[in-house]
Student: 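The structure's right below; bear with me while I get my questions together.
Naming: A, B, ... by sequence-line order, numbering from 1 per chain.
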Protein chains: 2
Amino acid sequence: MPTVSSEELAAAAGVNSAKLRKDFSYLGSYGTRGVGYDVEYLVYQISRELGLTQDWPVVIVGIGNLGAALANYGGFASRGFRVAALIDADPAMAGKPVAGIPVQHTDDLEKIIEDNGVSIGVIATPAGAAQQVCERLVAAGVTSILNFAPTVLSVPDGVDVRKVDLSIELQILAFHEQRKAGEEAASPDGAGPASATRSKSADKGPDGDVPAVMPA
Amino acid sequence: MPTVSSEELAAAAGVNSAKLRKDFSYLGSYGTRGVGYDVEYLVYQISRELGLTQDWPVVIVGIGNLGAALANYGGFASRGFRVAALIDADPAMAGKPVAGIPVQHTDDLEKIIEDNGVSIGVIATPAGAAQQVCERLVAAGVTSILNFAPTVLSVPDGVDVRKVDLSIELQILAFHEQRKAGEEAASPDGAGPASATRSKSADKGPDGDVPAVMPA
DNA sequence: ATGTCTTTGTGAACGTGTGCACAAAGATGC
DNA sequence: GCATCTTTGTGCACACGTTCACAAAGACAT
């Protein structure tokens, strides 16, 4: 029986082995003392807990560059996601295959959702259309939405929304990049609107995450 | 002078006002007691701390659907990013404009980086090409990389890499979706490879983040 | 069977981030 | 000038996640 120890896994993943064991214990995963974890059972158990063993039909609304990129993205299928339908508002797109799946028109959105039993929707439309699409998805029975449009969606209770901002990661990189460059020369501080320049060093935690609030 | 109180900002952002004030104090931002924060100065100060006042030239390597979507993404410009160049390995793409910017061939990668003083690179290539592109970017002087390819990149010390996995957010939604559905009926537990079924409830924190390790 | 050796599972310590609560600071009115 | 009122800045306590350290469990050799 192929096994693996928490120490090996921890080294491979770059995390602490105790944390890993504790996580596994929360999952109810029991290893064998002196041996380790049964690889096959462990994989199955984690997969099930994460929902990888289920088939999740999803629809992608808005088949622009991003929607097409998502439709072609290989990582979905291997994680249990199945692109049940592609939907776009442009009549010229209708019927055209993207990633081997014919694009359908927005008019049929509700029927598509219901026929396929879809509970997860992906919005890749322009910002202006996102809220309306969201409402139609929710009304048709979708309870989880992944939003790539640069808008905050408002949804009723019981519906989960996760917003993906493609520029936020770039923002974080730039933040660190600025820190790297700022080590030798202190902040240049050009012509800001401030009357006085404040000091106080502004050091944050070593992780360097961005603050909770940032301007649009 | 238009001002805003921490209480107003906190309500708008949905966070605690004390946390917000503490964050601002770390930034060296002084408000006026009894009044609040000078909006204009606050915006400027946060923008500068986050690096929004700087011009960050970036290159995007791999102009497929995703690369094109990124090139067209409006959120970059407003956050101080400027797409300095688009690079692709396909000679047929060379010269073709995407988002108004002509695509250049990979052969000229090093020259493009150096000429534009680029320190941030975006990789949107297939997984197979990512590591090689990464190495060329780093060798040419790039010190921050945003990786959309489904591969782990290895880089020398001093280079930051952030990996964006487009399916991880979907994964998290599915995880919550599974929890929603699992409330009424306990886990179905089909034909797993396990000999015995373990219990122990497996409750995680209320935030419901995914564990540190997951199978590929 | 007994001892040794490996690795798990977990109690306890530690560090970090969040929220409360209040003194201090400044504005405003009289 | 003094009192009052608002809002900041921050000490303190609490909660949560991470890491350490070790007893218990089991495998394996003799």
Student: Less than 4.0 angstrom between a side-chain N/O of Ser6(B) and OP1 or OP2 of dT8(D), yes or no?
Tutor: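 For dT8(D), OP1 or OP2 has a side-chain N or O of Ser6(B) closer than 4.0 Å.
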Student: Given the structure, check if the side chain of Lys22(A) and the base of dT18(D) hold any donor-acceptor pair shorter than 3.5 Å.
Tutor: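 A donor-acceptor contact between them is absent.
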Student: Heavy atoms from C-beta onward define the side chain here; which of dT10(C), dA27(D), dT10(D) lies closest to that of Ala18(A)?
Tutor: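 When the side chain of Ala18(A) is considered, dT10(C) is the closest of dT10(C), dA27(D), dT10(D).
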Student: Arg21(B) has an atom CZ; how far is it from atom P of dA24(C), in whole Å?
Tutor: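 Going from CZ in Arg21(B) over to P in dA24(C) covers 16 Å.
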Student: Can you measure Glu8(A) atom CD to dT8(C) atom P for me and round it to whole angstrom units?
Tutor: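 In whole Å, dT8(C) P and Glu8(A) CD are 9 Å from each other.
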Student: Using heavy-atom distances to pick each residue's nearest nucleotide on DNA chain D, tell me which of Arg33(B) and Arg33(A) is more 5'.
Tutor: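 On the 5' side of the pair lies Arg33(B).
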Student: Take the protein atom CG of Asp23(A) and the nucleotide atom P of dT19(D), then report the distance between them rounded to whole Å.
Tutor: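 Asp23(A) atom CG is separated from dT19(D) atom P by 11 Å.
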Student: Are there over 12 heavy-atom neighbours, none belonging to Gln132(A), within less than 6.0 Å of that residue's CD?
Tutor: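 Count not over threshold, so no.
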Student: Rounded to whole Å, please give me the gap between CD in Glu7(B) and C1' in dG9(D).
Tutor: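 Rounding to the nearest Å, CD of Glu7(B) and C1' of dG9(D) are 14 Å apart.
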Student: For the pair made of CG in Leu42(A) and C1' in dT7(C), what is the distance, rounded to whole Å?
Tutor: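 After rounding, the gap between these two atoms is 15 Å.
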Student: At under 4.0 Å, does any side-chain N or O of Tyr30(B) touch on OP1 or OP2 of dG26(C)?
Tutor: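 Answer is no, no contact under 4.0 Å.
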Student: Need to verify one output field. Residue with the more 5' nearest nucleotide on DNA chain D, Val35(A) or Gly36(B)?
Tutor: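 The residue closer to the strand's 5' end, by nearest nucleotide, is Gly36(B).
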Student: Check the distance between dT8(C)'s C1' and Leu9(A)'s CG and give it to me in whole angstrom.
Tutor: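 After rounding, the reported distance stands at 13 Å.
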Student: Just how far, in rounded Å, is P of dC20(D) from CG of Leu20(A)?
Tutor: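 Between P of dC20(D) and CG of Leu20(A): 14 Å.
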Student: What heavy-atom pair brings Ala130(B) and Thr151(B) nearest, and what distance separates the two atoms?
Tutor: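 So the two residues come closest at CB-OG1, 4.4 Å.
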Student: Please step through side chain to side chain donor-acceptor pair (under 3.5 Å) for the pair Glu135(B) and Gln131(B), ending with a clear verdict.
Tutor: CA-CA 6 Å; Glu135(B) 283 163 18; Gln131(B) 179 63 41; 2.8 Å; yes
Student: Do the side-chain N or O atoms of Lys19(A) get closer than 4.0 angstrom to the phosphate oxygens (OP1, OP2) of dT18(D)?
Tutor: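 Checking Lys19(A) against dT18(D): at least one side-chain N or O falls below 4.0 Å of OP1 or OP2.
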Student: How many Å lie between CZ on Phe24(A) and P on dG9(C), as a whole number?
Tutor: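 From Phe24(A) CZ to dG9(C) P: 10 Å.
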Student: For the pair Arg79(A) and Asp165(B), find out whether any cationic side-chain nitrogen is under 4.0 Å from an anionic carboxylate oxygen.
Tutor: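 Between Asp165(B) and Arg79(A) there is a salt bridge, with a charged N closer than 4.0 Å to a carboxylate O.
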Student: OP1 or OP2 of dG9(C) versus the side-chain N and O atoms of Tyr37(A): is any pair under 4.0 Å?
Tutor: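 So the side-chain polar atoms of Tyr37(A) do come within 4.0 Å of the phosphate oxygens OP1 or OP2 of dG9(C), strictly under.
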Student: Using atom types as modelled and distance alone, determine if a side-chain donor or acceptor of Asp88(B) lies under 3.5 Å from a backbone N or O of Ile63(B).
Tutor: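 Yes, because the side chain of Asp88(B) sits within donor-acceptor range (under 3.5 Å) of the backbone of Ile63(B).
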